[in-house]
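Here is the structure we will look at, set down as structure tokens.
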Amino acid sequence: MRFRVYRTETGGDHRYDTFELDPPSGMTVLGALFEIQERYDESLAFRYSCRGAVCGTCAMLINRIPRLACRTQVHALVKGEEPIHLDSFLAIEQKEIDWDPSTEVLVEPMPHLPVIRDLVVDMDHFFTCYRQTDPVFRAAGPLPEEEQPMAQKEVEALEIYTACILCGACFAACPVNGQNLRYWGPAALAKLYRFHIDPREAGDGSRLATADVPDGWWACEFHGNCHRVCPKYVPPNVAIGKAERELRERKKES
Amino acid sequence: MRADDVISCHVLVIGSGGAGARAAIEAQKYGDTVLISKSVVGKGGCTPMAEGGYNAVLRAGDSCVLHEEDTLRGGAYLNDPDLVQVLVRESPERFRELLEWGALFDISSDNFPAQRSFGGQRFPRTCYAGDRSGHEMMLTLLEHLRNSDVKILQEMAVLELLKEGDAVIGTVAMDARSGEMTVIRADCTVLATGGGTRMYDISTNSATGTGDGYALGYRAGATLIDMEMVQFHPTGAVYPYDVRGRLVTEAVRGEGGILLNAEDERFMARYDPQRMELSTRDVVARAIATEVEEGRGTSRKGVYLDVTHLPAKKIEERLPVMLEQFLKFGVDIRCEPMEVAPTAHHIMGGLQINPEGKTSLSGLCACGEVAGGVHGANRLGGNALAETQVFGKRAGESAGRAPSRQGRIDPLQLEAVENRVERFFSGTTPPWVVSRQLQKAMWENAGIFRTQIGLRDALKVTESLLDVPVCAVSSQNITECFTVRNMCLSASLVARSALLRPESRGAHVRSDVKQTWDAATSPYGHTWVSLASQGIMRQEVAG
């Protein structure tokens, strides 16, 4: 099996290197990158940490889809199992390299973020967008002596969003992020929505107001790529839709 | 001097896992705090990977005395009792704090934080957020941290602790991408670098579990205790190769999962008929290793962990990460058993600390897995997350209260570090070759069952690997060279300490030693190693 891997130096041009591997069953893209590093080129740079889809550091563009390298198996990929169909976005449209997805795996850095080296991107912009939402829990009132009662059902509604591992795959797959550098992006908005619906917060709409700006909620075009690429199945598009609807209703009322 | 960038601060925290984040949050109340992390902040370490939960005494029917006894008994009475008392008493407070900061843990039908059973505990006291408890904790801590004035330096590796006389006065670090060096001068430094079981072939740890903190502390002159105490988690994934060693959370057994050998026998009945699958981790790991060794394992050298008798809904709700992880590799745990085998998980030993988190060196505190003494010879599941918060806060506070010192950086020490960097450029062996050899030697000779001959072998290998001329192909690989040296040094400390303890105790099993005592009546206390000395403490045997 051939791996076509994006390579670059800081500030320099990029190229695609080709590596031949004979991957055993169950090998992940991350495992393949380790093997490439050991057998062919030690200088290949990529991020990883937990190897178990929890830390979210190994998100990269695999066959033009943002995915976690540790959770993507190479055989499943070339067999076309678990396909993800996305609305067209910048990275899909790039045609500078031809590759045969039935025999080859194309590995590139995540789009919409500056490349530091090879597969490593600078996540600062992504985290700046996230911080912009002020993602810190704000309790409604003075804290009660005992634990704050909260129904398990409410916990589960929030868990849909707390499952986010901030890997940035949604940001990289979002056609709007590809065009509008100022758009907050799906992960940040989903996180903001999580605080809005947290029953322990005031629920006064202040969280909705935070992103009630053209580059906040309103920039989303509901392509749904964010939900489709999320390794944790978080649906930012649903959160954004609900937030917009609620904002419209609030505005009508007032 | 190439390290021309100097940062000054009151407290420097090394590590951005649960303990480091908590320490930084506390320390910044007292003065300028810098947190330095080898990974993207909050994404390294083992806290975000922790699935099972957080032990806290919350309900009527449970008590601190009970938790304390469970922890001491689980730790084969090698724990430092003062540290255990602090852990148990302050864990509930730290847990409530996390909830106040917005952490979302599961709630039971009585509108109270839900708690489940974990091994070695007589009360279900493990609080959880499904099987992503650590991730939820980490997110909450990071939100809090980002809202504070802590200065964060990420993807930078600490190369060496800097000293003035006997005191630690900061560190020299390197940007992992650019290879640029930075000197950080601090009144007090907190080591929160986590564990190091990546020194073993099969391990649950993330990429950062390379034992850097043990090596940094040791080279700086700190005393480390009980480094032979390495916990092998009984249930790690067996296949495919890429996920080998990956943790299968104890929550699977906590929720009712049973262990079966290839002959379909529930073998724990022969090892611990009372506690069965929820015996302590050391006992279950040995049982599985024995089953496999005696030919009753699967063809892949594992045993079965079965939850198929549980309602599918329960599996989906309580073990979603496990369900998904196995589904990815073609196993639906709702209708077929998982295959598991022991995997190196946690190092109970580490830098000796007092209840304030202070090490034997002035200007250096430690907390979390890099510190020793809390868990004794075997850690109970759910006690590690609690430890990160309880001792993270304490170490952060101690460091914050430390007097300001005008530490003068010793140019000779910096020069020595720079010389090491230079030598890596003329090295010949890639770092991964060294780590592979190390992992194999440690797994074979310093694993679950140990002998003096094997341990001597392991020590010889680790020490000789320390001298291998590791090479850096570019400035980006220099930090890897330092890391692999740290792994070898930490591994040598494990082997040395294991040779110092001529008994089986908790996770440390010397299959070549016959002993007449049990854990409670052992004549031995902590082992210790430092630059100056090493040995094992003797203690009065209780009547």
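By convention in this document, chain letters (A, B, ...) are assigned in the order of the sequence lines, proteins followed by strands, and residues within each chain are numbered from 1. Bear in mind the structure is a predicted one, so any value in this text is a computation, not a measurement.
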* To do: Step by step, work out the side chain to side chain contact (heavy atoms under 4.5 Å, CB included) result for A:Glu159 and B:Arg132.
  => CA-CA 10 Å; A:Glu159 268 176 349; B:Arg132 42 170 291 278; 4.2 Å; yes
* To do: Go through the steps for B:Ile107 and A:Glu154 under the test side chain to side chain contact (heavy atoms under 4.5 Å, CB included), then give the verdict.
  => CA-CA 9 Å; B:Ile107 308 289; A:Glu154 295 173 321; over 6 Å; no
* Check step by step if side chain to side chain contact (heavy atoms under 4.5 Å, CB included) holds for A:Arg47 and B:Glu155. => CA-CA 10 Å; A:Arg47 273 199 195 99; B:Glu155 298 196 291; 2.6 Å; yes
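Annotation for B:Asn111 and A:Ala151: closest pair OD1-CA, 4.0 Å, computed over non-hydrogen atoms. Residues B:Asp106 and A:Val155 share a closest heavy-atom pair of OD1-CG1, 4.1 Å. Shown here for B:Pro431 and A:Glu42, the closest heavy-atom pair between the two residues is CD-OE1, 3.7 Å. Counting all heavy atoms, side chain and backbone alike, A:Asp124 lies closest to B:Gln154 at OD1-NE2, 4.4 Å.
Only the side chain of A:Lys232 comes within less than 4.5 Å of a heavy atom of chain B; its backbone N, CA, C and O stay farther away. Using a 4.5 Å cut-off between heavy atoms, A:Ser25 contacts chain B through its backbone alone, with no side-chain atom that close. For B:Ala176, no part lies near chain A; criterion is any non-hydrogen pair under 4.5 Å. Using a 4.5 Å cut-off between heavy atoms, A:Glu38 contacts chain B through both its backbone and its side chain. The contact between A:Phe195 and chain B is made entirely by side chain atoms (from C-beta outward), counting heavy-atom distances below 4.5 Å. With a 4.5 angstrom heavy-atom cutoff, A:Arg71 touches chain B via backbone and side-chain atoms both. Proximity to chain A (any heavy atom under 4.5 Å) is shown, for B:Asp110, by neither the backbone nor the side chain. Looking at B:Ser109, neither its backbone nor its side chain comes within 4.5 Å of chain A, counting heavy atoms on both sides. Proximity to chain A is limited to the backbone of B:Phe105, based on heavy atoms less than 4.5 angstrom apart. Using a 4.5 Å cut-off between heavy atoms, B:Trp101 contacts chain A through its backbone alone, with no side-chain atom that close. For A:Pro23, no part lies near chain B; criterion is any non-hydrogen pair under 4.5 Å.
With chain B as the partner, the residue from A:Ala76, A:Ser49, A:Cys55 showing the most heavy-atom pairs under 4.5 Å is A:Ser49. Note: B:His135 leads B:Glu136, B:His135, B:Glu51, B:Gln325 in heavy-atom pairs under 4.5 Å with chain A. Ranked by heavy-atom pairs shorter than 4.5 Å toward chain A, the options B:His144, B:Glu324, B:Glu480, B:Met138 are led by B:Glu324. Listed options A:Ala53, A:Cys50, A:Gly31 were ranked by heavy-atom pairs under 4.5 angstrom with chain B; first place goes to A:Cys50. If you tally non-hydrogen atom pairs under 4.5 Å between each of A:Ala163, A:Cys70, A:Pro24 and chain B, the highest count goes to A:Ala163.
Other residues, nucleotides and ligands place no more than 12 heavy atoms under 6.0 Å from the CG atom of A:Asp22. By the 6.0 Å contact criterion, NZ on B:Lys314 is enclosed, its count of non-hydrogen atoms from other residues, nucleotides or ligands being greater than 12.
Here CZ of B:Phe329 is found 4.5 Å from CD of A:Gln73. Values are rounded to the nearest 0.5 Å. Remark: A:Arg51 CZ to B:Ser206 OG distance equals 8.0 Å, nearest 0.5 Å. To the nearest 0.5 Å, atoms CG (B:Leu139) and NZ (A:Lys191) are separated by 4.5 Å. Rounding to the nearest 0.5 Å gives a distance of 3.5 Å between OG1 of A:Thr28 and CG of B:Asp242. To the nearest 0.5 Å, atoms CZ (A:Phe137) and CG (B:Leu98) are separated by 12.0 Å. Taken to the nearest 0.5 Å, the SG atom of A:Cys167 stands 7.0 Å off from the NZ atom of B:Lys43.
Counting only heavy atoms from C-beta outward, the side chains of B:Val40 and A:Met123 never approach each other to under 4.5 Å. Between A:Arg200 and B:Leu104 the shortest side-chain heavy-atom distance falls below 4.5 Å.
With sequence neighbours excluded, the residues forming a side chain to side chain donor-acceptor pair (under 3.5 Å) with B:Lys328 are A:Glu82, listed by chain and number. The side chain to side chain donor-acceptor pair (under 3.5 Å) check on B:Asp149 picks up nothing, with sequence neighbours excluded. Taking the ring pair (Phe, Tyr, Trp, His ring centres under 6.0 Å) definition, one finds that A:His75 meets it with nothing, sequence neighbours left out.
Against chain B, the residues from residues 125-136 of chain A that qualify, each with a non-hydrogen atom under 4.5 angstrom away, are A:Phe127, A:Tyr130, A:Arg131, A:Asp134, A:Pro135, A:Val136 in number order.
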